[in-house]
2 protein chains.
Amino acid sequence: MSGKRITMKQVAERAGVSRTTVSFVLNNTPNVNISPETRERILDAARELHYARDFAATSLATGRAHTIAFIIRQPPEELSVDAFMGGLLNGVSQAVNHAGYHVLFYAMGLNASKGAYAELIRSQRVDGLLISGPLVEDSELLDLDAEGVPLVIQGTPDVGDLPSVDVDNIASARMATEHLIQLGHRRIGMITNGPLTYTSSRDRLTGYIQALEAAGLPIDEGLIQSGEFSDDSGVQAMNRLLELPHRPTAAFVASDVVALGAIRTIREHGLRIPGDISIVGFDDIPLAQYLEPGLTTVRLPRVELGLHAGKMLMDLVEGKPVPERHLRLNTSLIIRGSAALFE
Amino acid sequence: MSGKRITMKQVAERAGVSRTTVSFVLNNTPNVNISPETRERILDAARELHYARDFAATSLATGRAHTIAFIIRQPPEELSVDAFMGGLLNGVSQAVNHAGYHVLFYAMGLNASKGAYAELIRSQRVDGLLISGPLVEDSELLDLDAEGVPLVIQGTPDVGDLPSVDVDNIASARMATEHLIQLGHRRIGMITNGPLTYTSSRDRLTGYIQALEAAGLPIDEGLIQSGEFSDDSGVQAMNRLLELPHRPTAAFVASDVVALGAIRTIREHGLRIPGDISIVGFDDIPLAQYLEPGLTTVRLPRVELGLHAGKMLMDLVEGKPVPERHLRLNTSLIIRGSAALFE
DNA sequence: TTGAAAGCGCTAACAA
DNA sequence: TTGTTAGCGCTTTCAA
């Protein structure tokens with residue numbers, strides 16, 4: 001309709017009151033007594049004029065942007081392959097929008113320009129930061145946290161004590177391995193999701209080891225192979241496992257994508273799943289249920305992760321107490337057909 | 001470090017110049033002659049003070065937010081299942097960030113509050129809108145477009161002539177069907193991706209029909225079944241196809257997810273793919289390559305779709321001419337093992 | 001119960 | 001080549 005901007009001034013004029021009064025009414029400012037009819041008049045005027053509060057002006061005057069940045073640091077290619085980010089973002093945006101905040105999205109990849117986080121904050125563009133991904137020890141974040149900047153990490157940072165949300169990788173991996181043990185397996189291989197420089201890789205390995213130890217089984221270094229996020233890396237790793245003089249009867253592969261490669265390799269060797277080798281994965285990617293047999297795996301609660309991370313950041317931003325600075329969500333084991341009794 | 005805001009004023013003081021001069025230097029304002037040493041002095045001061053231009057103030061003064069809204073209207077659950085959104089968002093954010101703009105993300109679902117788009121624009125929060133998803137005929141968008149608001153649709157709107165980016169669904173479906181025809185199939189079923197109220201469903205059906213007609217094959221209504229986005233709907237549809245007195249030797253399923261259900265059904269009937277029935281899908285979801293046999297399908301260029309949509313919106317926002325208001329990207333047929341020669 | 005006015009940090013027209 | 005100044009639209013203290 002009208003091409004010109006509607007400001008509080010126009011609303012005030014139309015309602016025959018001052019700008020202040022309009023501001024009070026529109027903001028529902030407490031401790032101000034405005035006659036109901038004046039209030040009504042103002043509200044009507046605003047509605048009729050299609051008034052929308054100017055974001056920049058409000059932000060400038062209040063010093064709050066009511067916006068947070070969701071920064072994802074996985075390499076861009078991964079975003080297009082996996083549904084992880086979609087679920088996460090879905091949760092984050094639900095939590096954040098619910099609190100009346102907006103979400104700025106950044107796919108920074110691994111080589112973001114130094115100072116990018118700080119600039120977002122210094123320019124008052126956002127009130128807080130939510131960062132997901134394999135961040136190498138990022139001292140910039142430590143500094144910001146020390147300055148009191150609200151931020152939360154989705155993941156398990158390996159240094160400092162930044163607020164973070166993640167699944168309990170150790171317990172989850174233990175659960176997956178225990179499942180295999182309960183099925184009677186005694187010689188269980190492990191393929192990590194990534195290099196051990198990543199906390200999540202180390203933690204999942206730790207869970208595997210804990211399960212074996214608890215069951216009194218020996219830890220065999222040769223049974224532990226390193227994956228590197230891709231299905232190809234799963235092929236390599238499984239090949240090494242199969243070349244072992246005494247090969248395992250089962251394997252815990254700490255990433256479904258890596259497991260895909262492992263499974264392919266097993267088949268190429270003419271072996272059957274779960275007949276010859278049982279497999280338990282990790283992540284529960286959408287495709288896990290469509291494999292033949294379905295992949296038994298640990299479900300990663302993507303949406304919940306985002307929901308909790310978003311909520312935590314909102315609490316931080318609004319100065320509310322945060323119940324748990326290092327939140328670790330439980331996972332569940334989804335039992336399908338890829339792991340069976342060892343006989 | 002310092003808890004207080006650094007403004008241009010501080011930078012000016014430190015460099016011993018006026019605020020205007022600082023503004024000119026920092027903005028690289030043309031047609032202004034500033035001595036190199038002054039410029040250097042200012043830049044140094046800004047750097048030393050960790051100056052970051054206040055976003056709200058700039059935005060208020062210039063009337064530009066340098067921000068766009070990426071609004072996704074698919075039901076939230078779908079976001080967590082498919083990698084489509086991740087790829088799209090990846091492309092969008094690349095294009096938009098590259099142009100120096102920021103992306104606000106909104107998962108609005110299907111029941112967004114009336115007036116949400118307009119409010120984003122009226123409040124000057126964003127300079128443009130990028131909307132993805134099955135939007136029912138949304139008159140609000142038509143109004144905004146008429147007002148001159150920069151916006152682009154990712155998809156194929158069924159009314160008006162809003163700027164949009166999508167794949168060429170008709171040509172893609174034709175290509176998929178032709179592939180089957182070339183393999184010697186004469187009785188080819190079709191399962192749509194969704195109800196025919198969706199433009200994309202209609203277009204893919206049209207492509208199928210065009211291919212048959214071009215090959216002089218009859219159009220058999222019974223061979224056309226309706227899918228509804230889910231794999232379950234694929235089960236139903238394929239069941240109907242298999243119950244036909246004279247069942248097809250091949251089927252074009254206009255959605256990989258729906259094809260998943262169709263494939264399962266075929267197997268449950270004891271039939272083999274591609275031995276008894278050939279299948280060609282649409283979308284190339286990540287899992288397509290992992291099926292046994294791999295799913296022959298039409299690849300949907302997710303990232304490129306986002307890239308082009310983002311670029312088009314940037315052009316619109318900056319008042320540049322838009323080469324093609326209704327951009328239709330080509331797709332490619334990914335040949336794997338699910339479709340074979342009819343013998 | 002309502003109004004006046006200062007100020008948030010920046011841009012840009014105008015002066016000098 | 002650099003400085004002055006008037007807004008941009010809103011919040012909020014202080015008065016009336």
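Within every chain, numbering begins at 1; the chains are lettered A, B, ... in the order of the sequence lines, protein sequences first and strands thereafter. What you are looking at is a predicted structure, and each value in this text was computed from that prediction instead of being measured.
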Quiz prompt | Residues forming a salt bridge (Lys or Arg N to Asp or Glu O under 4.0 Å) with A/E140, sequence neighbours excluded | solution = A/K114

Exercise. Please work out if B/T38 contacts a base, only the sugar-phosphate, or nothing of the nucleic acid, heavy-atom cut-off 4.0 Å.
Key: sugar-phosphate

Self-check item: side-chain N/O A/S35 vs C/dT2 OP1/OP2, d < 4.0 Å
Solution: yes

Quiz item: Going 5' to 3' along nucleotides 3-10 of chain C, which nucleotides have protein heavy atoms under 4.0 Å from the base (write B), which only from the sugar-phosphate (write S), and which from neither (write -)?
Solution: BBB--BBB

Exercise. Decide whether a cation-pi geometry holds between B/R302 and B/F84; the criteria are a distance under 6.0 Å from NZ or CZ to the six-membered ring centre and an angle within 45° of the ring axis.
Key: no

Practice problem: Would you mind telling me which of A/I68, A/L316, A/L144, A/L313 makes a side-chain contact (heavy atoms from CB on, under 4.5 Å) with A/L129? | Solution: A/L144

Quiz prompt | Check ion pair A/R328-A/D166 (N to O, under 4.0 angstrom) | solution = no

Quiz item: Base, sugar-phosphate alone, or nothing: which one does A/S59 contact when heavy atoms must sit under 4.0 Å apart?
Solution: nothing

Quiz prompt | Distance, rounded to the nearest Å, where A/R41 contributes CZ and C/dT1 contributes C1' | solution = 12 Å

Quiz item: Rounded to the nearest Å, what distance is computed from the CZ atom of residue B/R122 to the P atom of nucleotide D/dG9?
Solution: 15 Å

Self-check item: Integer-rounded Å distance: D/dG9 C1' and A/L49 CG
Solution: 15 Å

Quiz item: Any idea which heavy atoms bring B/D315 and B/P321 closest together, and the distance?
Solution: OD2-O, 4.2 Å

Practice problem: Compute the bend angle of the helix from C/dT1-D/dA16 to C/dA16-D/dT1 from the end axes (five pairs per end), rounded to 10°. | Solution: 40°

Self-check item: Which residues share a salt bridge (Lys or Arg N to Asp or Glu O under 4.0 Å) with A/R41, sequence neighbours left out
Solution: none

Side-chain donor-acceptor distances from residues 95-104 of chain B under 3.5 Å, at least two apart:
residue : atom : partner : partner atom : Å
B/N97   : ND2  : B/S93   : O            : 3.2
B/Y101  : OH   : B/E318  : OE2          : 3.0
B/H102  : ND1  : A/Y106  : OH           : 2.4

Exercise. Kindly state each residue pair satisfying salt bridge (Lys or Arg N to Asp or Glu O under 4.0 Å) with at least one member in residues 44-65 of chain A, sequence neighbours excluded.
Key: A/R5-A/D54, A/R14-A/E48, A/D44-A/R47, A/R64-A/D127

Quiz item: In whole angstrom, what separates A/L26's CG from D/dT11's C1'?
Solution: 12 Å

